[in-house]
> 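Next up is a structure, given as structure tokens.
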Amino acid sequence: MRHLFEPRLVNDAFGDPGLYVDFRDERRALLFDLGNIDTLPPRKLLRLSHVFVSHTHMDHFVGFDTLLRVVLGRKRGIVLFGGPGFVAQVEHRLRAYTWNVVHRYSVELVLDVREIGTDGRGQRAHFSSRTGFAREPGAPFEMAGDTLHEETLFRVRGRFVDHEMPCLAFAVEEKARPRVARDRLAALGVCTGPWLRELKLAILAGAPAETPIQLRWRDRQGEHESVRSVGELRNVLLDVAPGRRIAYVTDLRYTEANRRVLGPLIQGVDQLFIESVFLDADRAHAQRKNHLTAGQAGEIAREAGARAVVPFHFSPRYGGRAAEIVAEVQAAWSGAAVTSNRGRAP
Ligand SMILES: [Zn+2]
Ligand SMILES: [Zn+2]
């Protein structure tokens with residue numbers, strides 16, 4: 001069974017930060033950060049169900065208008081998450097335009113905007129194209145631990161790091177990944193197909209054994225259809241392997257406090273996307289700008305035991321020198337660099 005989701009940076013390492021997480025089997029996607037997103041074609045933007053904004057510096061939020069323009073009149077809803085002040089900031093962006101005709105569009109667009117406070121309390125508002133995006137208050141909510149969003153197959157977690165302002169670092173976690181026992185499938189006389197996903201969902205949701213699953217598959221003999229119960233099919237899924245976990249960490253200072261906050265979020269991730277804005281030689285400058293150096297990013301990845309690390313958010317001052325930044329990250333991540341060179345986190 002292929003991965004539930006595929007993460008990919010929206011831009012090259014010098015471009016605005018952003019991570020597009022594609023759930024291809026579900027024809028939907030998540031987006032982390034909303035900077036320049038011109039590289040994402042409309043069909044990819046239309047797949048977005050949830051957008052998570054780390055903070056609202058321009059390079060992380062300037063793409064809001066691009067997204068709105070594409071989805072308006074074509075998509076029914078989108079959920080946006082952000083930190084303190086986010087609902088008001090979205091409202092201000094919406095107020096900047098004149099909406100005298102959008103209430104007539106046949107497809108109503110509703111933005112469900114959720115703002116997380118640093119105390120874990122959330123507030124929520126809806127903005128509908130039917131009312132010219134007037135703010136409608138929603139019920140306040142409280143986060144369960146650091147979980148921002150949860151579905152049957154995955155969850156999104158978020159924690160605030162310090163960037164001289166609160167900034168959200170994120171993790172996406174597949175809850176479990178059942179593997180298919182091909183010999184058992186053959187013994188039942190059936191083949192793989194989209195029904196496996198339905199079965200997986202039913203099992204993870206704890207559906208009763210008699211729940212019917214509609215099987216459809218194609219082979220050389222043509223199309224086949226049959227109905228089996230969850231109980232009959234349960235055995236074709238082998239034990240559950242740990243799900244895939246990725247993290248997206250950007251815009252933070254190199255401090256002990258930030259490392260402590262990140263620890264539980266990124267420990268053992270399969271892939272860590274992490275900002276690497278400056279070279280280690282410029283670490284005093286990085287500290288002033290509230291960003292990580294490449295070495296510091298690699299160090300955080302090494303401490304977390306990240307299986308792979310993908311650096312991004314390179315400062316334009318290093319144009320043409322991307323390889324140096326990557327090499328510094330890799331050296332610190334693999335433990336090849338002398339850590340005492342890097343200075344201690346204050
Ligand atoms: Zn930034
Ligand atoms: Zn920033």
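Note that ligands are numbered from 1 as they come in the structure, with each ligand's atoms numbered from 1 the same way.
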> Considering residues at least two apart in sequence or located in another chain, which fulfil the side-chain hydrogen bond (donor to acceptor under 3.5 Å, both in side chains) criterion with Arg228?
none
> Is Leu168 reachable from Phe312 through a run of hydrophobic residues whose side-chain heavy atoms are each under 4.5 Å from the next?
yes
> Strictly by salt bridge (charged side-chain N to carboxylate O under 4.0 Å, His left out), give each pair with a member in residues 73-93 just once, sequence neighbours left out.
Asp65-Arg93, Glu91-Arg135
> Assign the ring pair His224 / Trp217 to parallel, tilted or perpendicular, where the plane angle (0 to 90°) is split at 30° and 60°.
parallel
> Glu108: what forms a side-chain hydrogen bond (donor to acceptor under 3.5 Å, both in side chains) with it, not counting sequence neighbours?
Ser128
> If we ignore hydrogens and angles and just use 3.5 Å, is the side chain of Asn258 paired with the main-chain N or O of Asp162 as donor and acceptor?
yes
> Would you say the Zn ion (ligand 2) has Cys167 as a near neighbour, meaning an N/O/S atom of that residue under 2.8 Å away?
no
> If you leave out waters, which protein N, O or S atoms are less than 2.8 Å from the Zn ion (ligand 1)?
Asp59 OD2, His60 NE2, Asp251 OD2, His313 NE2
